[in-house]
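A short write-up of the structure that comes next.
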2 protein chains.
Amino acid sequence: MGNSEAATVQSVDRALTILEVLARLGTAGVTEIAAELDVHKSTAFRLVSTLETHRLVEQAGDRGRYSLGVGLLRLAGATTARLDLVQEARPITRQLAADTGETVNITVRAEHAALYLDQVAGSSALQSHNWVGQHIPLHATSNGKVLLSELTPEELADVIGSLARFTPATITRKAQLREELERIREQGYALAVDELEVGLTAVAAPIRNAHGDIIASISVSGPTFRLSDERLDTVIEQCLAAAEEISHRLGWGLRQ
Amino acid sequence: MGNSEAATVQSVDRALTILEVLARLGTAGVTEIAAELDVHKSTAFRLVSTLETHRLVEQAGDRGRYSLGVGLLRLAGATTARLDLVQEARPITRQLAADTGETVNITVRAEHAALYLDQVAGSSALQSHNWVGQHIPLHATSNGKVLLSELTPEELADVIGSLARFTPATITRKAQLREELERIREQGYALAVDELEVGLTAVAAPIRNAHGDIIASISVSGPTFRLSDERLDTVIEQCLAAAEEISHRLGWGLRQ
DNA sequence: CCTCACTGTTGCCCATGGCGCAACACTAGG
DNA sequence: CCTAGTGTTGCGCCATGGGCAACAGTGAGG
């Protein structure tokens, strides 16, 4: 999409231009906006009205003068929270990948799935695929299970639909998942062996915010043959330490 | 605009819904977005494309997956900076209005005009009109002159067009304005007597950010008969003290 | 290697929804 | 009161937004 002339919708373009005008001027009336866009004021009014319905624009002070609205802050907030997390965590995910030699991933929950925010490959990592921006199933991954582990039963019921099977080892019954989540809460980390893919093992630990809520998960994943029992204990400890460090950076533990 | 059914543009509505979808899901492809909107994927693609042209959406990681973009942060940033300023300044503007009994205003520069961000009326204030959200001429007001006072000559030439006359006392020659701005730089505040309206006197002082740049102005205004010479000195001191306090709250003076 | 399934992207044409016009409602100032 | 200016609403026309179909690209599996 390097071509700025391609495939744009004129009325949408105009509406977005209104946002830019309001950022510049602070406030503007319909007639002023119409002049900026070189359209009739009834057109400007309809476009502003639509923006207002979505809270991207609101009426400032007196009736009829418009300014940018709180809906923008909300949308931007979703973005900055994730950018901040990746930035704060990056040196630690780098170190963890270097220490383990495996692939390190950070995920957050996005409704019914886990979303990959960041990925750092270790020296032994065989897969070169970049998962950033992609969704993974919550119930079949270590990261996903961490993200589910402290939800209330109501929240869990809301988030989890049918438990799709990916391998013979995938958890597909809700009672089994609940037991697994209980185990994760007790031991403080999640393990997934061959549950998403045969031959893939992953360990994940929770990243917490200043309030102690789980907001993300960090995992170390590699081929099952390399993450065998004797090595796994070390990797679990390293993963837990990394999660704890990131959590501290996000303010966890400072208010207790 | 209490009526959410009125006067909306369908394609704009769809585009804004895409923003909300992306805030929820983190990332999504065109086909996913089309399903969320219940439109054909070519329609979804064009809408996303338009959002991308304005940087509100960008491609996340792999080609073809979209997430919210930095353009959103920019738009939101314009809003939050102003909200922060009003919030930080509010207790001080309240106190100043109580101390002086006059009307206190905070303005920022919005291109070629000064924009009222906040207003607190004192006990003696006769005018009940709320100016928040409105633009005022830079050259004919104490606030406006403060906002102009530290611009470079090139910036000043860019910002100032013709100097409209509002009263016989309005500054209408550029040489005269330059002298006035020099005086303001020296004394640290601006005075406007009968320049916008006959019978209206206002004092304004600069609000500075952590870097020392003037980012806003705070004024005390009232009828000329009340802001006479002997009283004006007190009001000027109070206004300067308020501006300094707000500036400190915004980080001014902490790095010297 | 090939094939298939899926996704994103482009071009065309038509009908629908976005637009301008005109009227109305409201406000402030004289 | 009137006037000038602004925001808001309803109507009908036509331009542009939308769906269809084709194409391009990618990844997985055989």
Side-chain angles (χ1 to χ4, degrees), chain A residues 1-18 27-53 57-67 127-131 133-135 166-167 196-200, chain B residues 1-18 27-53 57-67 127-131 133-135 166 196-199:
Chain A
M1 271 311 303
N3 187 3
S4 59
E5 298 289 343
T8 60
V9 180
Q10 188 179 57
S11 53
V12 174
D13 187 66
R14 283 174 174 161
L16 301 181
T17 300
I18 290 173
T27 70
V30 168
T31 305
E32 225 170 320
I33 289 167
E36 289 275 338
L37 295 185
D38 198 26
V39 297
H40 191 269
K41 61 179 180 172
S42 69
T43 297
F45 178 75
R46 270 192 296 264
L47 294 171
V48 165
S49 215
T50 309
L51 289 166
E52 193 176 12
T53 297
V57 161
E58 60 200 19
Q59 302 208 29
D62 291 351
R63 190 184 121 264
R65 293 199 69 79
Y66 296 90
S67 64
Q127 63 171 165
S128 59
H129 185 64
N130 186 3
W131 293 97
Q134 305 220 36
H135 292 98
F166 300 96
T167 72
L196 183 66
E197 273 177 64
V198 175
L200 179 68
Chain B
M1 268 312 300
N3 186 1
S4 60
E5 298 290 344
T8 60
V9 180
Q10 187 179 60
S11 53
V12 174
D13 187 64
R14 285 175 173 161
L16 301 181
T17 300
I18 290 172
T27 70
V30 168
T31 305
E32 228 171 319
I33 289 168
E36 290 274 339
L37 295 186
D38 199 25
V39 296
H40 191 269
K41 62 180 181 171
S42 69
T43 299
F45 178 74
R46 270 192 297 262
L47 294 171
V48 165
S49 215
T50 310
L51 290 166
E52 193 175 11
T53 297
V57 161
E58 62 201 18
Q59 302 210 26
D62 290 353
R63 192 185 122 265
R65 293 197 70 80
Y66 296 90
S67 66
Q127 63 172 165
S128 59
H129 186 64
N130 186 4
W131 292 98
Q134 304 219 38
H135 292 98
F166 300 95
L196 183 65
E197 273 178 63
V198 174

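Scope of the values below: all heavy atoms of this structure, side chains included, with no hydrogens, waters or symmetry mates. Residue numbering restarts at 1 for every chain, and letters A, B, ... go by the order of the sequence lines.
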Just verifying a value: how many Å separate B/Leu37 CG and B/Thr17 OG1, rounded to the nearest 0.5 Å?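 So the CG of B/Leu37 and the OG1 of B/Thr17 are separated by 6.0 Å.
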In whole angstrom, give the distance that lies between atom [atom1] of [X] and atom [atom2] of [N].
X        : N      : atom1 : atom2 : answer
B/Leu37  : D/dG18 : CG    : P     : 10 Å
A/Gln134 : C/dT7  : CD    : C1'   : 12 Å
A/Phe45  : D/dG10 : CZ    : P     : 11 Å

Those residues that, when tested against A/Thr167, pass side chain to side chain donor-acceptor pair (under 3.5 Å) (two or more places apart): A/Thr170
Should B/Tyr66 be listed as having a side-chain N or O under 4.0 Å from OP1 or OP2 of C/dT9? yes
Excluding sequence neighbours, so at least two apart, what forms side chain to side chain contact (heavy atoms under 4.5 Å, CB included) with A/Glu32?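 By the side chain to side chain contact (heavy atoms under 4.5 Å, CB included) rule, A/Glu32 matches A/Leu25, A/Ala28, A/Arg65, B/His135.
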Applying side chain to side chain contact (heavy atoms under 4.5 Å, CB included), name anything that partners B/Gln10, two or more places apart in sequence or on another chain.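 Counting only residues at least two positions away or on another chain, B/Gln10 forms a side chain to side chain contact (heavy atoms under 4.5 Å, CB included) with B/Arg14.
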Can you tell me if A/Gln59 uses its side chain to pair, donor with acceptor, with the backbone of A/Gly64 under 3.5 Å?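 Yes; at least one donor-acceptor contact below 3.5 Å.
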Degree of bending, the helix from C/dC1-D/dG30 to C/dG30-D/dC1 (end axes from five pairs; round to 10°):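 Computed angle between terminal axes is 40°.
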Counting primed atoms plus P, OP1 and OP2 as sugar-phosphate and everything else as base, spell out the protein contacts along nucleotides 11-24 of chain C at 4.0 Å heavy-atom distance: B, S or - for each nucleotide, 5' to 3'. ------SSBBBB--
Considering only distance and modelled atom types, tabulate donor-acceptor pairs under 3.5 Å from the side chains of residues 39-47 of chain B, sequence neighbours left out.
from	atom 1	to	atom 2	distance (Å)
B/His40	ND1	B/Ser42	N	3.0
B/His40	ND1	B/Ser42	OG	3.0

Just checking, is any N or O donor in the side chain of A/Ser11 or B/Ser11 under 3.5 Å from an acceptor N or O on the other one?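 Yes, because at least one side-chain N or O of A/Ser11 sits under 3.5 Å from a partner of the opposite role on B/Ser11.
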Could you walk me through whether A/Val12 and A/Thr8 satisfy the side-chain contact (heavy atoms from CB on, under 4.5 Å) test, starting with their C-alpha distance in whole Å, then the side-chain angles of each, then the deciding distance to 0.1 Å, before giving a yes or no? CA-CA 8 Å; A/Val12 174; A/Thr8 60; over 6 Å; no
